[in-house]
Amino acid sequence: MSGPIRITLDGVEVEAQPGDTIWQVAHRSGTTIPHLCWRNEPGYRADGNCRACMVEVEGERVLAASCARDVQDGMVVHTATDRARKSREMVFEMLGADMPDPSASADGDAPFWTWARDMGIADRVTGDRLPSKFAGEMPEHDATNPAIAVNLDTCIACNLCVRACREVQVNDVMGMADRGHHTIPVFDLHDPMGHSTCVTCGECVQACPTGALMEKTLLDDANRTRAVPEQALETVKSVCPFCGVGCQTEVSVADGRIVRVDGANGPANENRLCVKGRFGYDYAMSPRRLTKPLIRRDDAPKSAQVDFDGNPMEVFREATWDEAMERAAHGLTTVRDTNGGGAIAGFGSAKGSNEEAYLFQKLIRAGFGTNNVDHCTRLCHASSVSALLEGVGSGAVSAPFMDAHKADCVIVIGARPTVNHPVAATYFKRAAKRGTKFVICDPRGQDMMTHAEHSLRFMPGTDVALLNAMLHVIVAEKLYDQQYIQAHVGEFEALKAKVADFSPEAMADVCGIDADTIREVARLYATSERSMIFWGMGISQHVHGTDNSRCLIALALITGHIGREGTGLHPLRGQNNVQGASDAGLIPMSYPDYAPVTGDARETFEDAWGRPLDPEKGLTVVEVVDAIHEGGIRGMYVMGENPAMSDPDQTHARAAFAKLDHLVVQDIFLTETAWYADVILPASAHAEKQGTFTNTNRQVQMGRPAMALPGDARQDLKIIIDLGRRCGIDWSYDGPAEVFAEMASLMPSLDGITWHMVEREGSVTYPLKGDSQEWVIFKGGFPTPDGRGKLVPVDLLPPDEVPDTDFPMVLTTGRLLEHWHTGAMTRTSSVLDRLEPEAIAAMNLRQIERMGLTPGQTIAIETRRGKITATLRADREVADDMVFVPFCYREAAANILTNPQLDPYGKIPEFKFCAARVSAAGAVAAE
Ligand SMILES: Nc1nc2c(c(=O)[nH]1)N[C@H]1C(S)=C(S)[C@@H](COP(=O)(O)OP(=O)(O)OC[C@H]3O[C@@H](n4cnc5c(=O)[nH]c(N)nc54)[C@H](O)[C@@H]3O)O[C@H]1N2
Ligand SMILES: Nc1nc2c(c(=O)[nH]1)N[C@H]1C(S)=C(S)[C@@H](COP(=O)(O)OP(=O)(O)OC[C@H]3O[C@@H](n4cnc5c(=O)[nH]c(N)nc54)[C@H](O)[C@@H]3O)O[C@H]1N2
Ligand SMILES: [Mo]
């Protein structure tokens, strides 16, 4: 039956939709029926096992579980009869009998006790009228997970945690074990939580109605009873500071400190979070935060080696804000006035807000008259963006990642979502369960492969071979969409001619995937009604990164898999605000909204900013480092980036920073980069500031302050404004709202979007068309000069440095779930650092044995640029002849090893491939 139906609820006729449950209809009508095993949040299935929500349905002999019972037209429901009420009370009483008293239980403020109080039966529930099922054999207390305590004496076996783990996050770690009264949730095969495969997303904690699974931060030292009462908490709605997914959060604060972060119902997370978002917040409260401005001592040479275990106070001294700002500004203006604005460069931040990013680039452009302003996007999706601007006229994603479930086929290539975009991965895994066919292309194995129709573990660096072969099949078998091409795509012949040479048979040996599989995958992608492509650093961080992306764009364009629901191109953006920082103009070749600095837009911005602007493109991140060595760049302002760790060929990069006449670093920690600074400005962490942040889906969201700044630290925005003034710009912004208004007035992408709208809605997707937020773009063509998508044929290009006899292995670098980039933030987070405390390098066991090594031993990894040592980890996901090193450990910095060779278009270095050798540490490496 379709269309609304009517039921009678407690004597009143109400409207309902087919498929609604009694609980939902009652809730909408203002009656919230007690519930324990049911969670009124997206993704949770009603199970009806706890019987706390029983109601009476006229004409039925037994009571019904309102959470699991669908309404029917004409149904007459009574929620408050004596019989229903008594039944519910009995359920609470029986469950309560098995639990310790609320004052002695893990969470006396848990929903279970709140309900008991609301129902007026708290005394009866805590009474000892009924015997406890655990008499004499209490389940063991488990505190092995660094963030979560397990106190199963309060478990009511409602299995909500298991549904949270298996169905909502699709992590498949938890299950229910044992029978009858003794049923309890277990991790893997009865492992202690901290020793299981649990990824500590904490979804189970958020779901648990009794506190059996609980954040340790809210418990006493023994992790047994609640120490911070719910009433003592203040909550703030904000967004997560880590990745580009942009999960909305509800941050709970007690005594000025964050003690809990829950997922809020944002469009990109629907209450879900990952380990970093939920438990990684304490970096902001670390005693290692910078709290006072620092100035380099006159007798501390810049070339002094950074000594992390050394005492920074031997190199720096504390200063007042006035002295530090004067020194910072004087150093930069002296370089400008002596050597010209082109001798200055600024690295802005994709961790800061849109307003900060906008003002930062304005300061560099208007204050110093140079376009030498860039940020970590250069090391990230720069190549994807250059291909997208060329191919479809916009670097933004064409559709949000949540749309994966609308697609019939999804290709994920060179991205590792369960590690790097874990909440986006929950959408992918759920889509796969509902029937979307996933194709995962990655030289390393990964978790998504267990959910995939095809897993292509091909040879690293051979994406063009694989993708051109797919294009070949689509062309040869005429699986392309001629109509779509005619309407929306430019010249096709050159691509056809190019891919003619790339038959799957010819490419099989190059990429290591057999011809039949390539054909099958090409057909699946092309012939599915709706197909989508997601990609990441495995595509972009190569000298042929732009070519790799061009192939993906060609796949979407010739099959017409773009501009419709369930189709599209989505480079998964990395930093929480890298989309926003790029949009705001933190890039050397363009003003806000990608207006080229070499074009007409200059006049518009000169008018708006009242300053003459540089007509030439500026230098990119790696070019800046080279220019310092050559003497062209002499002064730098670095905010919220750690290039001494994140740039390739670190030794070369650090030598450059040591050479600068003047370096100003604005950060929240004394980073490796800050060690080279003349002036260090202590800034605001995400949890201390207000501002807008744009996620990978083009959703502009509001971050709000939850804590005060530590010590004398200042707001980033305030510091940029102050520096601007001292460098001679007459700035008088009174806060982020005013900056947002100016930015929006200059950026067509933000047309119709105001600060207050973002404040009110929490999230606004651009572009706005009238009142509607365009989640899917390119519906009627592309913002290219001729309105058509452009196909760019590409050739095979090998990685810049291939293995040889001296360096026979492939070094690939990347990330771990628990750590963020250079470790600045996550290694100061107690939970995250306890989960991954030690510098590792990973190889597969076959390889390890072949080389006569043992997991757990120290190994040396060496390339033409340097050598590091780390603990060897066995990881079957790493390919043969390959070693994987994450770049978060300063004591084993991966970027000492990496190759700085650049992609010619995106100017991105080849972080994903160089030649290396591995040996037992201490052994002399073969010459
Ligand atoms: N936990 C955590 N999450 C993060 C970050 C973090 O530091 N830590 N950083 C954030 C940022 S800024 C970014 S950009 C994203 C990055 O997120 P991802 O794009 O997922 O980044 P990586 O894990 O570096 O690389 C992705 C995959 O590329 C594969 N790969 C390596 N070589 C090749 C190749 O030649 N071809 C193909 N097709 N694949 C290859 C690797 O095996 C890896 O699985 O993550 C964001 N999220
Ligand atoms: N080998 C290798 N190298 C890589 C990559 C790789 O895959 N392999 N990936 C590259 C990629 S994709 C990226 S995006 C880059 C990332 O490179 P970076 O952006 O340099 O790395 P982060 O560690 O994220 O640096 C962020 C800095 O901002 C500071 N910070 C955090 N919040 C705030 C704030 O609110 N205000 C201020 N002022 N500071 C703040 C942190 O303390 C930290 O120092 O690394 C790149 N480097
Ligand atoms: Mo990134």
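These numbers come from a predicted model, not from an experiment. Whatever order the structure lists them in is the order used to number ligands and atoms, beginning at 1.
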Judged by modelled atom types alone, do Thr517 and His454 share a side-chain donor-acceptor pair under 3.5 Å?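 Their side chains do not contain a donor-acceptor pair, so the 3.5 Å distance test is not met.
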Under the criterion side-chain hydrogen bond (donor to acceptor under 3.5 Å, both in side chains), I'd like the reasoning laid out for Asn577 against Asn354: C-alpha separation, chi angles, the key distance, then a yes or no. CA-CA 7 Å; Asn577 197 37; Asn354 286 321; 3.1 Å; yes
Determine the sole option in Val794, Val510, Leu471, Leu797 for which the side-chain contact (heavy atoms from CB on, under 4.5 Å) test with Val464 is passed.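 The option that passes is Val794.
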Does ligand 1 have any N/O atom under 3.5 Å from a protein N/O, and what are those pairs and their distances?
from, atom 1, to, atom 2, distance (Å)
ligand 1, 1 (N), Lys276, NZ, 3.1
ligand 1, 1 (N), Val419, O, 3.4
ligand 1, 1 (N), Leu816, O, 2.9
ligand 1, 1 (N), Leu817, O, 3.0
ligand 1, 1 (N), His819, O, 3.4
ligand 1, 3 (N), Asn420, OD1, 3.4
ligand 1, 7 (O), Arg815, NE, 3.3
ligand 1, 7 (O), His821, N, 2.7
ligand 1, 8 (N), His819, O, 2.7
ligand 1, 9 (N), Arg815, NE, 2.8
ligand 1, 9 (N), His821, NE2, 3.0
ligand 1, 17 (O), Asn420, ND2, 3.2
ligand 1, 19 (O), Met537, N, 2.7
ligand 1, 20 (O), Arg416, N, 2.8
ligand 1, 20 (O), Asn420, ND2, 2.8
ligand 1, 21 (O), Asn420, ND2, 3.3
ligand 1, 23 (O), Asn420, ND2, 2.8
ligand 1, 24 (O), Arg815, NH1, 2.8
ligand 1, 24 (O), Lys912, NZ, 2.9
ligand 1, 28 (O), Gly414, O, 3.4
ligand 1, 28 (O), Gly538, N, 3.4
ligand 1, 35 (O), Gly461, N, 2.7
ligand 1, 35 (O), Asp463, OD1, 3.4
ligand 1, 35 (O), His542, NE2, 2.9
ligand 1, 36 (N), Asp463, OD1, 2.8
ligand 1, 36 (N), Asp463, OD2, 3.3
ligand 1, 36 (N), Gly538, O, 3.2
ligand 1, 38 (N), Asp463, OD2, 2.7
ligand 1, 42 (O), Asp442, OD1, 2.6
ligand 1, 42 (O), Arg444, NH1, 3.4
ligand 1, 44 (O), Arg416, NH1, 2.6
ligand 1, 44 (O), Asp442, OD2, 2.5
ligand 1, 47 (N), Asn420, O, 2.7

Geometric cation-pi criterion, Arg272 with Tyr427: 6.0 Å, 45°: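 So Arg272 does make the cation-pi contact.
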Looking at Phe884, is Arg444 sitting on its ring face, NZ or CZ under 6.0 Å from the six-membered ring centre and within 45 degrees of the normal?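 The answer is yes, since Arg444 meets both limits relative to Phe884.
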N-O pairing of [X] and [Y] below 4.0 Å:
{"X": "Glu801", "Y": "Arg865", "answer": "yes"}
{"X": "Lys276", "Y": "Glu818", "answer": "no"}
{"X": "Lys689", "Y": "Glu355", "answer": "no"}

For Ser684, state whether at least one heavy atom is located under 4.0 Å from any atom of ligand 2.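 The answer is yes, since Ser684 has a heavy atom less than 4.0 Å from ligand 2.
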Quick one: does Lys689 get within less than 4.0 Å of ligand 2, heavy atoms only?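 Lys689 counts as a contact of ligand 2 under the 4.0 Å cut-off.
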Atoms in ligand 2 with a heavy atom of [X] nearer than 4.0 Å:
{"X": "Asp716", "result": "34 (C), 35 (O), 36 (N), 37 (C), 38 (N)"}
{"X": "Thr671", "result": "44 (O)"}
{"X": "Gln666", "result": "38 (N)"}
{"X": "Thr898", "result": "1 (N)"}
{"X": "Phe669", "result": "42 (O)"}
{"X": "Ala683", "result": "38 (N)"}

CE of Met825 to OH of Tyr281: how many Å apart, nearest 0.5 Å?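 If we round to the nearest 0.5 Å, Met825:CE and Tyr281:OH are 14.5 Å apart.
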Looking only at distances, can you tell me whether any N or O atom of Gly352, backbone or side chain, sits closer than 3.5 Å to an N or O atom of ligand 2?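 Not met; the criterion fails.
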How about CZ on Arg864, more than 12 heavy atoms from neighbouring residues, nucleotides or ligands closer than 6.0 Å, or not?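 Yes, CZ of Arg864 has more than 12 neighbouring heavy atoms, counting only those of other groups under 6.0 Å.
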